[in-house]
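So that the names make sense, note that chain A is the first sequence line, chain B the second, and so on, each numbered from 1. From a predicted model like this one, the values you see are computed outputs, not experimental measurements.
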Protein chains: 2
Amino acid sequence: MPGTSAWTTSSEAASLAGHLGLDNLIYLYDNNHISIEGSTDLAFTEDRGKRFEAYGWFVQDLPDGNDLDAVDRAIRAAQAEKGRPSLIIARTHIAYGSPNKQDTAGAHGSPLGEEEVKLTKQNLGWPLEPKFYIPEEALEHFREAIDRGARADAEWQKQFEAYRREFPALAKEWDGFVRGELPEGWKSKIPVFKPSDGPLATRQASGKVLNAIAPGLPTLIGGSADLAPSTDTLLKGVADFQKGSYSGRNLRFGVREHAMGGILNGMALSGLVPYGATFLIFSDYTRPTIRLAALMEVRSIFVFTHDSVFLGEDGPTHQPIEHLPALRAIPNLCLIRPADANETAVAWRVAIERRGGPVALALTRQSLPVFDREKFASAEGLARGAYVMAREKGDSPEIILIASGSEVALALEAFEKLSAEGVSARAVSMPSWDLFEKQPPAYKDEVLPPSVTARLAIEAASPFGWDRYVGPRGAVIGMSQFGASAPYKVLAEKFGFTAASIVRQARELLGRR
Amino acid sequence: MPGTSAWTTSSEAASLAGHLGLDNLIYLYDNNHISIEGSTDLAFTEDRGKRFEAYGWFVQDLPDGNDLDAVDRAIRAAQAEKGRPSLIIARTHIAYGSPNKQDTAGAHGSPLGEEEVKLTKQNLGWPLEPKFYIPEEALEHFREAIDRGARADAEWQKQFEAYRREFPALAKEWDGFVRGELPEGWKSKIPVFKPSDGPLATRQASGKVLNAIAPGLPTLIGGSADLAPSTDTLLKGVADFQKGSYSGRNLRFGVREHAMGGILNGMALSGLVPYGATFLIFSDYTRPTIRLAALMEVRSIFVFTHDSVFLGEDGPTHQPIEHLPALRAIPNLCLIRPADANETAVAWRVAIERRGGPVALALTRQSLPVFDREKFASAEGLARGAYVMAREKGDSPEIILIASGSEVALALEAFEKLSAEGVSARAVSMPSWDLFEKQPPAYKDEVLPPSVTARLAIEAASPFGWDRYVGPRGAVIGMSQFGASAPYKVLAEKFGFTAASIVRQARELLGRR
């Protein structure tokens with residue numbers, strides 16, 4: 001952990017690691033007293049050791065980080081410590097041995113330079129050549145790790161073969177897990193919802209899906225940043241993951257969104273199917289970790305509920321506006337905003353089957369109808385990012401209504417009204433731009449025919465980015481401003497999210513009154 | 001500070017407040033042991049008091065938060081404490097007095113309900129009517145504040161009148177400050193750069209502007225999250241703001257981007273002209289505070305340098321991609337990405353003169369030419385968000401090149417090449433979508449004539465959102481993927497940010513080879 005930089009962003013994780021008593025975790029604090037601006041004393045004078053003791057950590061102070069025996073003893077003591085993580089604070093010197101740059105901020109962001117490297121080597125009694133000199137003793141020490149690793153691997157393989165003979169089914173399960181396969185038949189438990197199951201918020205549908213698949217998907221593990229009841233992400237009848245009982249699958253992250261994202265990524269790297277939940281507004285606190293998941297190409301699943309102004313009374317500080325486009329802009333993140341319970345079920349399947357990148361689900365607080373899929377197209381269309389939900393009469397639509405999530409129900413209502421007026425309209429559900437962009441051009445043109453330029457998007461979020469799909473002759477019913485505190489139906493009227501308002505704007509786009 | 005929620009996000013601020021010894025700051029910790037998921041013990045068992053002691057705070061523990069005399073004594077002790085902020089940990093009970101809901105998580109997110117309110121009142125010996133009962137004693141106590149406030153105000157006015165008689169010039173300055181006016185003549189110090197001043201990174205130009213205007217703008221105050229040398233935001237010859245010497249104007253935020261944003265907002269609310277700097281990639285850590293500035297309509301200035309993959313060797317973890325669109329999506333945030341030193345100077349003027357919302361400046365690490373403004377249009381065009389930098393030959397352009405920041409120089413180079421080939425091209429500098437959208441339609445159509453559909457945008461960032469300006473027949477040279485670690489000129493070749501690549505794509509758009 002260099003200087004101060006990881007210090008503040010890691011504090012959530014450190015607090016949780018202390019709570020969970022993770023005694024296989026050791027932080028080494030490279031306490032060189034130097035930050036980019038100068039001495040750490042310029043801004044950072046807290047008692048580091050005491051803070052970590054407050055987190056429940058075992059803290060050791062090393063006055064000389066170059067005393068290798070002392071470092072070795074401290075690491076062994078940390079490994080021996082039971083029931084709490086360890087912090088080793090080692091007093092070090094940046095640019096150690098450099099006659100002109102040791103203990104200076106100048107050595108933080110820039111290389112020493114040719115001349116100073118020479119002076120440093122002279123000062124340390126090292127040979128000037130070769131340029132990248134590796135002392136024989138260090139090389140030998142590191143090379144011991146090769147044999148040691150080979151021996152440990154052989155030993156483990158031997159043990160595992162014995163295990164495989166004794167428990168062939170479990171061993172097979174393990175092999176599948178290591179290869180990143182999902183257990184056979186896990187998908188069969190994904191529920192199908194009937195219209196009579198509604199009205200149902202997509203967060204509730206999500207909770208039902210999670211609980212239905214959890215027994216058949218033992219690598220599914222997750223939790224929430226202190227919003228489990230609100231995000232509907234608790235696995236019922238499943239134990240908590242807590243200090244001393246690490247077999248549980250319900251994680252209690254506490255109000256620590258940043259740490260939650262980092263932990264999901266670590267679990268995803270190990271082959272688990274991890275999910276973490278909070279309100280969409282708080283996705284801002286997880287962005288750096290979502291971005292790392294996207295960059296590392298791991299499938300962490302972020303569950304973001306209360307996904308629009310329609311969360312209602314909590315008001316504009318809690319109402320997401322820019323968050324959908326801000327997430328869509330992250331390369332390799334698959335954002336999905338399902339329109340009803342069945343789209344939510346398909347979204348979970350797509351999320352869990354995804355390889356090579358994270359998924360974010362945007363779910364509603366408010367109840368939504370469960371669409372009659374005899375009447376409308378199958379929710380399987382979600383997997384293609386966008387699909388024709390309700391088709392026009394005749395050869396080609398005059399206008400296309402495009403919506404996501406909770407606004408699809410409104411679009412369908414407007415579709416009915418327009419059809420009744422004799423307007424040939426099409427309604428498209430567009431839960432995921434990312435999935436849609438991956439489709440072949442022919443499919444994209446089939447859903448959004450280029451010849452149809454009267455297009456109206458409806459989404460209770462910033463319209464930023466929608467130009468891509470509505471084009472210069474289209475329009476967007478979105479939120480170009482912050483929200484307001486009121487019951488959601490009042491907000492829907494105020495901000496124009498009603499079937500009547502959609503119909504009015506559709507008529508305008510078509511040049512009719 | 002309710003439960004745990006402000007607890008983790010406030011830790012950066014708490015550490016800095018301890019460092020700065022802010023003894024006029026008192027946190028009251030409503031220690032009710034309840035979070036949304038249940039007992040705080042589910043996730044949060046650190047020693048809160050000890051953590052704050054580690055930050056250098058004065059900590060008091062109150063076993064009974066309903067003991068009003070004890071609360072009163074604790075607050076007075078906190079006020080009397082010199083040289084450090086105070087934390088008062090008061091053991092309280094959520095839904096106090098409610099026979100069925102006290103000390104339960106159910107009382108956290110939901111109201112008690114009619115029946116339970118009645119039972120609570122009975123239990124506390126309160127009258128059942130009126131529904132919103134305010135005890136006379138409480139009312140009287142609060143009403144005392146009206147007289148006390150009036151007396152304090154009168155006293156202050158009297159003192160200030162005396163001050164005004166003695167120091168009329170300073171009093172006038174103060175009045176201007178309170179009215180939110182900027183001191184006369186402050187703008188005259190903004191430098192104008194000559195082409196021979198270049199090449200110059202816009203972060204360097206920004207540093208020169210800041211240092212030129214600081215003496216004439218005493219309310220200008222700011223700093224960086226441990227990146228002052230890299231972001232070029234240190235005011236030279238100006239003292240630090242540190243414990244015991246609070247008249248300095250260089251703030252040392254440490255690696256605490258979230259706290260930095262919150263502090264800027266507080267200073268902006270008090271009428272100061274505050275700025276805070278970090279790398280654009282770390283804007284993710286400040287988003288919640290940028291959003292609050294936008295919502296509260298205060299002019300905090302965020303300086304984000306190293307604004308593209310062209311920061312080079314630090315690689316993809318440090319190279320912003322989605323950050324420009326993610327910031328553009330925030331309502332009421334004015335993002336400006338100036339193209340050269342003179343646009344940077346105008347950007348600072350626009351930022352400081354803005355009312356009613358925050359500004360973010362995106363500045364380069366790498367050097368850029370200072371454009372010859374005899375040859376190209378004046379940098380004053382920045383104030384309108386976008387302007388024609390180099391105009392086509394003839395009545396109407398065949399193609400429009402649109403660029404921001406470091407890519408404007410490339411666009412101008414491509415403009416020259418295309419012109420030499422006989423293509424009638426126009427080059428538009430577009431530093432701010434927000435400012436451009438505020439222009440009258442006639443101006444927008446003048447800069448980007450709707451009839452010209454061959455449009456090529458060049459910006460070293462996610463192309464997300466550019467459809468708005470390039471339209472369905474245009475194209476974007478942007479970054480649809482994460483970056484890579486290499487010197488910036490290598491990256492420019494690899495990712496197609498060269499005049500040759502722009503010319504090639506322009507020819508393609510025009511259907512030429």
Side-chain angles (χ1 to χ4, degrees), chain A residues 4-5 7-9 11-12 15-16 18-19 35-37 42-48 50-51 53-56 105 109 224 226-230 240 252-256 284-285 287-288 291-292 294-295 316-317 321-322 325-326 328-332 462 464-465 467-468 471-472 480-482, chain B residues 4-5 7-9 11-12 15-16 18-19 35-37 42-48 50-51 53-56 105 109 224 226-230 240 252-256 284-285 287-288 291-292 294-295 316-317 321-322 325-326 328-332 462 464-465 467-468 471-472 480-482:
Chain A
T4 56
S5 61
W7 196 260
T8 44
T9 52
S11 71
E12 290 182 355
S15 172
L16 186 54
H19 169 77
S35 70
I36 289 176
E37 296 193 10
L42 279 173
F44 185 57
T45 47
E46 63 180 60
D47 184 333
R48 290 85 149 155
K50 189 169 178 176
R51 169 141 78 93
E53 282 170 5
Y55 290 148
S224 159
D226 193 35
L227 283 169
S230 308
D240 271 14
R252 306 289 192 163
F253 293 106
V255 187
R256 300 181 184 102
D284 276 347
Y285 291 113
R287 284 183 72 81
R291 172 171 227 273
L292 277 178
L295 186 51
T317 55
I321 298 289
E322 70 277 20
R328 285 173 180 144
I330 299 177
N332 195 34
S462 163
F464 192 89
D467 298 280
R468 180 165 191 82
S480 301
Q481 56 180 305
F482 292 107
Chain B
T4 56
S5 62
W7 196 261
T8 45
T9 51
S11 71
E12 290 182 355
S15 172
L16 186 54
H19 169 78
S35 70
I36 289 176
E37 297 194 10
L42 280 174
F44 185 58
T45 48
E46 62 179 61
D47 184 333
R48 289 86 149 154
K50 189 169 177 176
R51 169 142 78 91
E53 282 170 6
Y55 291 147
S224 160
D226 193 34
L227 282 169
S230 308
D240 272 13
R252 307 289 191 163
F253 292 106
V255 187
R256 301 183 184 100
D284 276 348
Y285 291 113
R287 284 182 71 83
R291 175 173 224 272
L292 277 178
L295 185 52
T317 55
I321 298 289
E322 70 277 20
R328 285 173 181 145
I330 299 178
N332 195 32
S462 164
F464 192 90
D467 298 279
R468 180 165 190 82
S480 301
Q481 56 181 304
F482 292 107

Side chain, backbone, both or neither: which part of B:S480 has a heavy atom under 4.5 Å from chain A?
->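 Contact with chain A involves the backbone of B:S480 alone.
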Side chain, backbone, both or neither: which part of B:A294 has a non-hydrogen atom closer than 4.5 Å to chain A?
->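 Its backbone and side chain both get close to chain A.
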What residue in B:R328, B:R468, B:E53 has the most heavy-atom pairs under 4.5 Å with chain A?
->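 The candidate making the most pairs under 4.5 Å is B:R468.
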Between chain A and each of B:G109, B:A105, B:P316, B:S230, count heavy-atom pairs under 4.5 Å; write down the option with the most.
->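 Most heavy-atom pairs within the cutoff with chain A belong to B:P316.
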Hey, what do you get for [atom1] ([X]) to [atom2] ([Y]), rounding to the nearest 0.5 Å?
{"X": "A:Q481", "Y": "B:N332", "atom1": "CD", "atom2": "CG", "result": "11.0 Å"}
{"X": "A:S11", "Y": "B:E46", "atom1": "OG", "atom2": "CD", "result": "8.5 Å"}
{"X": "A:I36", "Y": "B:L227", "atom1": "CD1", "atom2": "CG", "result": "4.5 Å"}
{"X": "B:S35", "Y": "A:R252", "atom1": "OG", "atom2": "CZ", "result": "8.0 Å"}
{"X": "A:R291", "Y": "B:F482", "atom1": "CZ", "atom2": "CZ", "result": "5.0 Å"}

What pair of heavy atoms forms the shortest contact from [X] to [Y], and how long is it?
{"X": "B:G465", "Y": "A:F464", "value": "CA-CE2, 4.0 Å"}
{"X": "A:A329", "Y": "B:E322", "value": "O-CB, 3.1 Å"}
{"X": "A:H19", "Y": "B:L42", "value": "NE2-O, 2.8 Å"}

Using non-hydrogen atoms and a 4.5 Å limit, figure out which bit of A:S224 sits close to chain B: side chain, backbone, both or neither.
->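 A:S224 touches chain B through backbone and side-chain heavy atoms alike.
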Decide yes or no for B:S462 and A:P331: does some side-chain heavy atom of the first lie under 4.5 Å from some side-chain heavy atom of the second?
->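 The answer is no; the side chains never approach within 4.5 Å.
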Considering only heavy atoms and a distance below 4.5 Å, find which of A:P472, A:G56, A:P288 pairs most often with chain B.
->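 With the most close heavy-atom pairs to chain B, the winner is A:P288.
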Answer yes or no: is there a donor N or O on one side and an acceptor on the other, between the side chain of B:R287 and the main chain of A:R287, under 3.5 Å?
->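 Here the side-chain-to-backbone pair does not exist.
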Donor-acceptor pair, B:E37 side chain versus A:A228 backbone, under 3.5 Å?
->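 Flag set: sc B:E37 to bb A:A228 pair under 3.5 Å.
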